[in-house]
Amino acid sequence: MDKAQLFKRLYDMSMDELGLLVDHDETIQKSLYKLDMAARTRHIIEAVQIEDMFQSLGEDGVTFDLFLSMRLSPITLKSCLDLNQDMNSLHWQFVFPKYDDIAADTKPKCFGEYLTHVQTLQILEIDSIDIDQACEFLDKAYDFTPHKTKPSIKRP
């Protein structure tokens with residue numbers, strides 16, 4: 001498998017899990033507060049654990065990006081012990097534009113709209129991960145059935 005398959009699985013799973021934590025129609029301020037608190041407490045949603053949330057100067061060197069860092073939750077890691085794979089090192093993050101830096105004409109009004117502004121999904125230390133094993137693990141640990149019936153959408 002190629003890296004795109006791992007990115008797709010992590011993207012779909014993360015979006016599902018974030019939707020369980022924060023309602024899509026919540027205000028930006030309330031949703032960012034929930035995400036910040038989840039990151040501070042390393043909140044476990046279901047399949048995913050929120051690890052960190054931080055701002056960093058973007059690649060343009062002018063604006064700041066918001067990073068939401070995640071890992072697999074302990075229950076997800078435990079669900080496929082028979083595969084004998086260490087997926088604890090699988091660590092990824094969504095990169096969003098800082099809300100204040102989004103142009104007024106495209107500024108989201110709710111959390112669901114803000115999720116569409118994901119700039120990228122980064123898998124940390126991806127070169128040390130066996131892509132085939134990671135995809136196999138995720139396929140056994142998480143139900144991607146709803147995503148298989150959706151039309152193909154270009155992902156970041």
Side-chain angles (χ1 to χ4, degrees), residues 1-28 30-54 56 59 65-97 99 102 106 108-156:
M1 275 189 212
D2 61 357
K3 291 179 183 180
Q5 291 301 313
L6 181 56
F7 278 94
K8 181 183 180 334
R9 284 168 175 78
L10 291 175
Y11 179 89
D12 289 343
M13 183 173 63
S14 300
M15 285 297 184
D16 290 348
E17 297 292 299
L18 290 174
L20 294 173
L21 178 66
V22 182
D23 292 331
H24 282 265
D25 60 348
E26 279 193 28
T27 65
I28 301 297
K30 186 175 180 181
S31 61
L32 291 178
Y33 177 77
K34 277 186 177 181
L35 290 175
D36 183 52
M37 290 307 298
R40 290 173 192 241
T41 60
R42 301 181 101 179
H43 183 76
I44 297 167
I45 302 172
E46 283 184 8
V48 169
Q49 179 173 331
I50 305 294
E51 285 286 303
D52 197 6
M53 187 169 149
F54 59 94
S56 182
E59 291 179 4
D65 291 330
L66 182 68
F67 293 78
L68 182 63
S69 178
M70 295 171 259
R71 289 185 184 270
L72 296 173
S73 70
I75 194 122
T76 303
L77 292 169
K78 189 174 87 170
S79 69
C80 295
L81 288 175
D82 59 314
L83 291 178
N84 199 24
Q85 298 168 0
D86 180 16
M87 290 293 115
N88 195 42
S89 62
L90 186 57
H91 186 200
W92 67 98
Q93 56 195 16
F94 278 145
V95 182
F96 295 94
Y99 181 75
I102 299 172
T106 61
K109 294 174 181 41
C110 64
F111 180 67
E113 291 177 14
Y114 187 57
L115 282 178
T116 66
H117 283 76
V118 170
Q119 294 172 330
T120 188
L121 182 145
Q122 300 173 344
I123 301 174
L124 305 169
E125 300 179 22
I126 190 165
D127 294 329
S128 66
I129 295 170
D130 182 315
I131 303 300
D132 290 331
Q133 281 185 345
C135 288
E136 177 189 7
F137 184 92
L138 291 174
D139 286 342
K140 289 190 178 189
Y142 193 81
D143 182 12
F144 290 101
T145 305
H147 299 284
K148 292 177 182 173
T149 59
K150 287 182 183 178
S152 183
I153 298 172
K154 185 180 178 202
R155 308 268 185 223

### Query
Going through the checks in order, is the side chain to side chain contact (heavy atoms under 4.5 Å, CB included) test met by Phe96 and Asp65?
CA-CA 6 Å; Phe96 295 94; Asp65 291 330; over 6 Å; no
Roughly how far, to the nearest 0.5 Å, is [atom2] of [Y] from [atom1] of [X]?
{"X": "Asp2", "Y": "Phe7", "atom1": "CG", "atom2": "CZ", "result": "10.0 Å"}
{"X": "Ile129", "Y": "Met87", "atom1": "CD1", "atom2": "CE", "result": "7.5 Å"}
{"X": "Glu125", "Y": "Trp92", "atom1": "CD", "atom2": "CH2", "result": "14.0 Å"}
{"X": "Leu66", "Y": "Tyr99", "atom1": "CG", "atom2": "OH", "result": "13.0 Å"}
{"X": "Ile45", "Y": "Leu21", "atom1": "CD1", "atom2": "CG", "result": "4.5 Å"}
{"X": "Leu115", "Y": "Leu18", "atom1": "CG", "atom2": "CG", "result": "6.0 Å"}

Smallest separation among heavy atoms of [X] and [Y], with atom names:
{"X": "Leu10", "Y": "Ser14", "value": "O-OG, 2.7 Å"}
{"X": "Met53", "Y": "Asp36", "value": "SD-N, 3.6 Å"}
{"X": "Gln133", "Y": "Asp130", "value": "N-OD1, 3.0 Å"}
{"X": "Gln122", "Y": "Phe67", "value": "OE1-CE2, 3.8 Å"}
{"X": "Thr76", "Y": "Glu46", "value": "OG1-O, 4.0 Å"}
{"X": "Ile28", "Y": "Pro108", "value": "CG1-O, 3.9 Å"}

#### Entry: Test log, rule side chain to side chain contact (heavy atoms under 4.5 Å, CB included), inputs Leu138 and Leu6
CA-CA 9 Å; Leu138 291 174; Leu6 181 56; 3.6 Å; yes
### Query
Would you call the rings of His24 and Phe111 parallel, tilted or perpendicular, where under 30° means parallel and over 60° means perpendicular?
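Taking Phe111 first and then His24, their aromatic rings sit tilted (interplane angle of 30° to 60°).
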Between [X] (side chain) and [Y] (backbone), is there a donor-acceptor pair under 3.5 Å?
{"X": "His43", "Y": "Lys34", "answer": "no"}
{"X": "Asp143", "Y": "Thr145", "answer": "yes"}
{"X": "Glu26", "Y": "Val22", "answer": "no"}
{"X": "Glu17", "Y": "Ala47", "answer": "yes"}
{"X": "Arg42", "Y": "Gln49", "answer": "no"}

### Query
Taking atom CZ of Phe54 as the centre, does the number of heavy atoms from other residues, nucleotides or ligands within less than 6.0 Å exceed 12?
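Counting neighbours around CZ of Phe54, more than 12 heavy atoms of other residues, nucleotides or ligands fall under 6.0 Å, so yes.
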### Query
Would the number of heavy atoms belonging to other residues, nucleotides or ligands and lying under 6.0 Å from CG of Leu124 be above 12?
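Above 12, so yes.
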### Task
Establish, from distance only, whether the side-chain atoms of Tyr142 and Asp12 form a donor-acceptor pair under 3.5 Å.
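Checked: Tyr142/Asp12 side chains show no N/O donor-acceptor pair below 3.5 Å.
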### Message
Run the side chain to side chain contact (heavy atoms under 4.5 Å, CB included) test on Met37 and Ile50 for me, step by step, so that the C-alpha distance in whole Å, both residues' side-chain angles and the decisive distance to 0.1 Å come before the verdict.
### Response
CA-CA 10 Å; Met37 290 307 298; Ile50 305 294; over 6 Å; no
### Message
One thing to verify: whether Asp52 and Arg71 come together as a salt bridge, which I'm taking to mean a side-chain N less than 4.0 angstrom from a carboxylate O.
### Response
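No, no charged N to carboxylate O under 4.0 Å.
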### Sub-4.5 Å side-chain heavy-atom contact between Lys3 and Asp127
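Result yes, sub-4.5 Å side-chain heavy-atom pair found.
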### Message
As a quick check of understanding, evaluate side chain to side chain contact (heavy atoms under 4.5 Å, CB included) for Leu35 and Ser31, giving each step before the final call.
### Response
CA-CA 6 Å; Leu35 290 175; Ser31 61; 5.5 Å; no
